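Since the structure is predicted, the reported quantities are computational estimates derived from the model, not experimental observations.
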Amino acid sequence: MASKLRALCVIVAALVIMGASTAQGQIIYGQPAAAGTRLTLTHWEIKSDTFKTEVDQYSFPVTSFVPLGENFEAQLYLASASSDLSVAGNDYKLTGIGDVRAQVSHSFSDDHLLISGGISLPTGKKKLTFDEEWNVLQLLTQNFLSFPVRRLGEGFGFNGLVGGATMLGSVRAGAGLMYQFNGKYTPYEGADKYDPGDWISVNGGLDGGSGSWLWTGNLIFTLYTADKYKGSKSFKQGTQTELQFGVRTEKAESYAASLDLGYLLRGRNTRYQADETISEQLRLLGNEFNAGFSVMKYLGPNWFAGPSLDIRFVGEDERPADEGLGSSNILGIGGAFGRKLGKGLFDIGFTYYTGSADGGDMDITGYQLYTDLKLAL
């Protein structure tokens, strides 16, 4: 029973280290100390009738897992990235390290309860040059593109999470509540301190299965407080509701396959005037649907290889036609191969992307190449 509940705590803790969409945390009790990295090259090209934009990013994250005692663990995360943007004959660059993130988790009551806390240290690059580095950051945050590292430095932050897990017959269930505090920082040169809003997330999930099949389902609801600039409200991100569903199957020493579906429903964002009166309430980012399918064939006791397919649809936003962004769709086709290294892993993957954005007015192509290494210490 305890081992099943430990596995379920993944549902509760999946958001713990994801404050800036940079890392994931999960409870993995009983594992030895480990470290890993994923070197990734990402390239995107955007074309329309009037312009062509290219961006390249090299990212180098380092993660580590440290067992601190029975049912007690810590995880660390630090990423560095170099991004190059070329648009309209102009070249821009943003290079630096990110914030250090640390998370400590402990389970109680035979793994029925989980308490976790973490901090984000403001070691990353911020106070960007407005005419160069800020331009790169704006493209990295475009929601129809995917980058391993979207931003580098922010202010000091901390989070706290409490969750629980239990069995409902043959189905495992878990739920959690998380609060994330985000501190002030200077986003670019010449700006005053910016105070990003905090957020609260409620999540719950179920998983079950039969034989070699396993299914999981999660529901995540996130509520944001208002950002402040010069002490006054400036922007408030709309609520987000995310639905996730996955199915996995595996045959020992033969193959493994998985299908993952997700839908992200975004609420309307709020902009404020200097006197904190509301100037507009619009959905500035469209809703998203994504689907991913992969098959992995085991080639002997240690080697494996297989293809993957990813589909992503992003709806149009609610801004006026001359300012807004129409719907986008991206198709990714790729694969990976690798080798088990004892309790560690080494693999190489490649994905080619094609699609369109802004209702078909922009053609998008790209690729991502990564090398993943995880070692047990």
Original post:
Should Ser86 and Thr53 count as side-chain neighbours, where that means a heavy-atom distance under 4.5 Å?
Top reply: no

Original post:
Has the side chain of Ser109 got a donor or acceptor atom that lies under 3.5 Å from a matching backbone atom of His112?
Top reply: no

Original post:
When rounded to the nearest 0.5 angstrom, what distance separates CG in Leu161 from OG in Ser105?
Top reply: 7.5 Å

Original post:
Is there a donor in the side chain of Thr365 and an acceptor in the side chain of Thr354, or the other way round, less than 3.5 Å apart?
Top reply: no

**OP:** Working to the nearest 0.5 Å, report the span between NZ of Lys230 and NZ of Lys193.
**Re:** 14.5 Å

Check residues 317-330 and write down every donor-acceptor pair under 3.5 Å in which the side-chain atom is one partner and the other belongs to a residue at least two apart or another chain.
unit_1	atom_1	unit_2	atom_2	d
Asp317	OD1	Arg319	N	3.2
Asp317	OD1	Leu325	N	3.2
Asp317	OD2	Arg319	NE	3.0
Asp317	OD2	Arg319	NH2	2.7
Asp317	OD2	Leu325	N	2.9
Glu318	OE1	Arg268	NE	2.9
Glu318	OE1	Arg283	N	3.0
Glu318	OE2	Arg268	NH2	3.0
Glu318	OE2	Arg283	NH1	2.9
Asn329	ND2	Ser356	OG	3.2

Subject >> Over all atoms of both residues, closest heavy-atom pair of Ser82 and Thr95 >> reply: OG-OG1, 3.0 Å

Original post:
Within the distance-only criterion (no hydrogens, no angle test), does the side chain of Thr225 pair as donor or acceptor with the backbone N or O of Asp198 below 3.5 angstrom?
Top reply: yes

Subject >> Between CZ on residue Phe221 and CG on residue Leu265, distance to nearest 0.5 Å >> reply: 9.5 Å

Subject >> Arg271 side chain vs Glu280 backbone, donor-acceptor pair below 3.5 Å >> reply: no

Original post:
Is a side-chain donor or acceptor of Thr123 paired with a backbone partner of Gly98 at a separation under 3.5 angstrom?
Top reply: yes

Original post:
Same cluster for Trp303 and Leu345 if Ile/Leu/Val/Met/Phe/Trp/Tyr side chains link at under 4.5 Å?
Top reply: no

Original post:
Atom CD in Glu253, atom NZ in Lys251: separation rounded to 0.5 Å?
Top reply: 10.5 Å

Original post:
Does NZ in Lys228 sit with more than 12 non-hydrogen atoms of other residues, nucleotides or ligands closer than 6.0 Å?
Top reply: no

Subject >> Heavy-atom pair with the smallest gap, counting every atom of Ser146 and Gln368 >> reply: O-NE2, 4.3 Å

Subject >> Proximity of Tyr263 and Phe289 rings by center, below 6.0 Å >> reply: no

Original post:
For Tyr194, which of Asn182, Asp227, Thr186 qualifies under side-chain hydrogen bond (donor to acceptor under 3.5 Å, both in side chains)?
Top reply: Asp227

Original post:
Is it true that a side-chain atom of Asp99 and a backbone atom of Gly124 form a donor plus acceptor pair closer than 3.5 Å?
Top reply: yes

Original post:
Side chain of Thr216, backbone of Asp207: donor and acceptor closer than 3.5 Å?
Top reply: no

Original post:
Would you say Gln138 has more than 12 foreign heavy atoms packed within less than 6.0 Å of its CD?
Top reply: yes

Original post:
Taking Asp361 for the side chain and Ala357 for the main chain, is one N or O donor matched with an acceptor at less than 3.5 Å?
Top reply: no

Original post:
Quick one: are Pro148 and Arg38 in side-chain contact, heavy atoms under 4.5 Å?
Top reply: no

Subject >> Side-chain donor-acceptor pair present, Asn159, Gln103, cut-off under 3.5 Å >> reply: yes

Subject >> Gap separating the CG atom of Leu375 from the OG atom of Ser64, nearest 0.5 angstrom >> reply: 12.5 Å

Subject >> Stepwise side-chain contact (heavy atoms from CB on, under 4.5 Å) check, Glu154 with Lys126 >> reply: CA-CA 6 Å; Glu154 295 181 290; Lys126 42 194 169 291; 5.8 Å; no

**OP:** Mark yes when over 12 heavy atoms from residues, nucleotides or ligands other than Tyr229 sit less than 6.0 Å from its OH; otherwise mark no.
**Re:** yes

Original post:
Parallel, tilted or perpendicular for Phe72 and His106, by the 30°/60° rule?
Top reply: tilted

Original post:
Does Leu41 reach the side chain of Tyr367, with side-chain heavy atoms less than 4.5 Å apart?
Top reply: yes

**OP:** With the side chain counted from C-beta on, respond yes when Leu94 and Leu128 share a heavy-atom pair under 4.5 Å apart, and no when they do not.
**Re:** yes

Subject >> Separation of Tyr92 OH from Glu133 CD (nearest 0.5 Å) >> reply: 13.0 Å

**OP:** Using the side-chain contact (heavy atoms from CB on, under 4.5 Å) rule, pick out the option among Gln281, Lys233, Gln237 that qualifies with Thr270.
**Re:** Gln281

Original post:
Taking it one step at a time, do Ser80 and Phe60 satisfy side-chain contact (heavy atoms from CB on, under 4.5 Å)?
Top reply: CA-CA 5 Å; Ser80 63; Phe60 180 69; 3.6 Å; yes

Original post:
So, Gln240 versus Glu242: side-chain donor-acceptor pair below 3.5 Å or not?
Top reply: no

**OP:** Would you indicate whether Lys374, at its atom NZ, is surrounded by more than 12 heavy atoms from other residues, nucleotides or ligands within a distance under 6.0 Å?
**Re:** yes

**OP:** Taking the six-membered ring for Trp and the single ring otherwise, decide whether the centroids of Trp199 and Tyr179 are under 6.0 Å apart.
**Re:** no

Original post:
Does the side chain of Thr249 reach to within under 4.5 Å of the side chain of Val247, using non-hydrogen atoms?
Top reply: no

Subject >> For the student: nearest non-hydrogen atoms of Lys340 and Pro301, plus distance >> reply: CD-O, 4.4 Å

**OP:** Report the C-alpha distance between Leu206 and Trp215 in whole Å, list the side-chain angles of each, state the deciding distance to 0.1 Å, and finish with yes or no for side-chain contact (heavy atoms from CB on, under 4.5 Å).
**Re:** CA-CA 8 Å; Leu206 303 171; Trp215 61 266; 4.0 Å; yes

Subject >> Trace of the salt bridge (Lys or Arg N to Asp or Glu O under 4.0 Å) decision for Lys184 with Asp195 >> reply: CA-CA 4 Å; Lys184 300 178 182 179; Asp195 187 2; 5.1 Å; no

Original post:
So among Val55, Leu140, Leu139, which one has a side-chain contact (heavy atoms from CB on, under 4.5 Å) with Trp44?
Top reply: Val55

Original post:
Any idea how Trp134 and Phe130 line up, ring-wise: parallel (<30°), tilted (30 to 60°), or perpendicular (>60°)?
Top reply: parallel

**OP:** Step by step, work out the side-chain contact (heavy atoms from CB on, under 4.5 Å) result for Asp91 and Leu85.
**Re:** CA-CA 6 Å; Asp91 296 323; Leu85 169 65; over 6 Å; no

**OP:** Compare every heavy atom of Pro187 with every heavy atom of Asp192, then report the nearest pair and how far apart it is.
**Re:** O-CD, 3.8 Å

Original post:
Heavy atoms, side chains only, cut-off 4.5 Å: are Tyr77 and Val62 in contact?
Top reply: no

Subject >> Nearest non-hydrogen partners of Arg339 and Phe304, listed with the distance >> reply: N-CE2, 3.5 Å

Subject >> Sidechain N-carboxylate O distance under 4.0 Å for Asp84, Lys93 >> reply: yes

Subject >> NZ/NE/NH1/NH2 to OD/OE distance under 4.0 Å, Lys47 and Asp363 >> reply: no

Subject >> Any donor-acceptor N or O pair under 3.5 Å, side chains Asp347, Tyr370 >> reply: yes

**OP:** State, without any angle test, whether Arg101 and Ser120 hold a side-chain donor-acceptor pair at a distance under 3.5 Å.
**Re:** yes

Original post:
Do Val149 and Arg151 come within less than 4.5 Å of each other through their side chains, counting heavy atoms only?
Top reply: no

Subject >> Donor-acceptor side-chain pairing of Glu189 and Thr129 below 3.5 angstrom >> reply: no

Original post:
Shortest non-hydrogen contact from Gly332 to Tyr353?
Top reply: CA-CD2, 3.7 Å

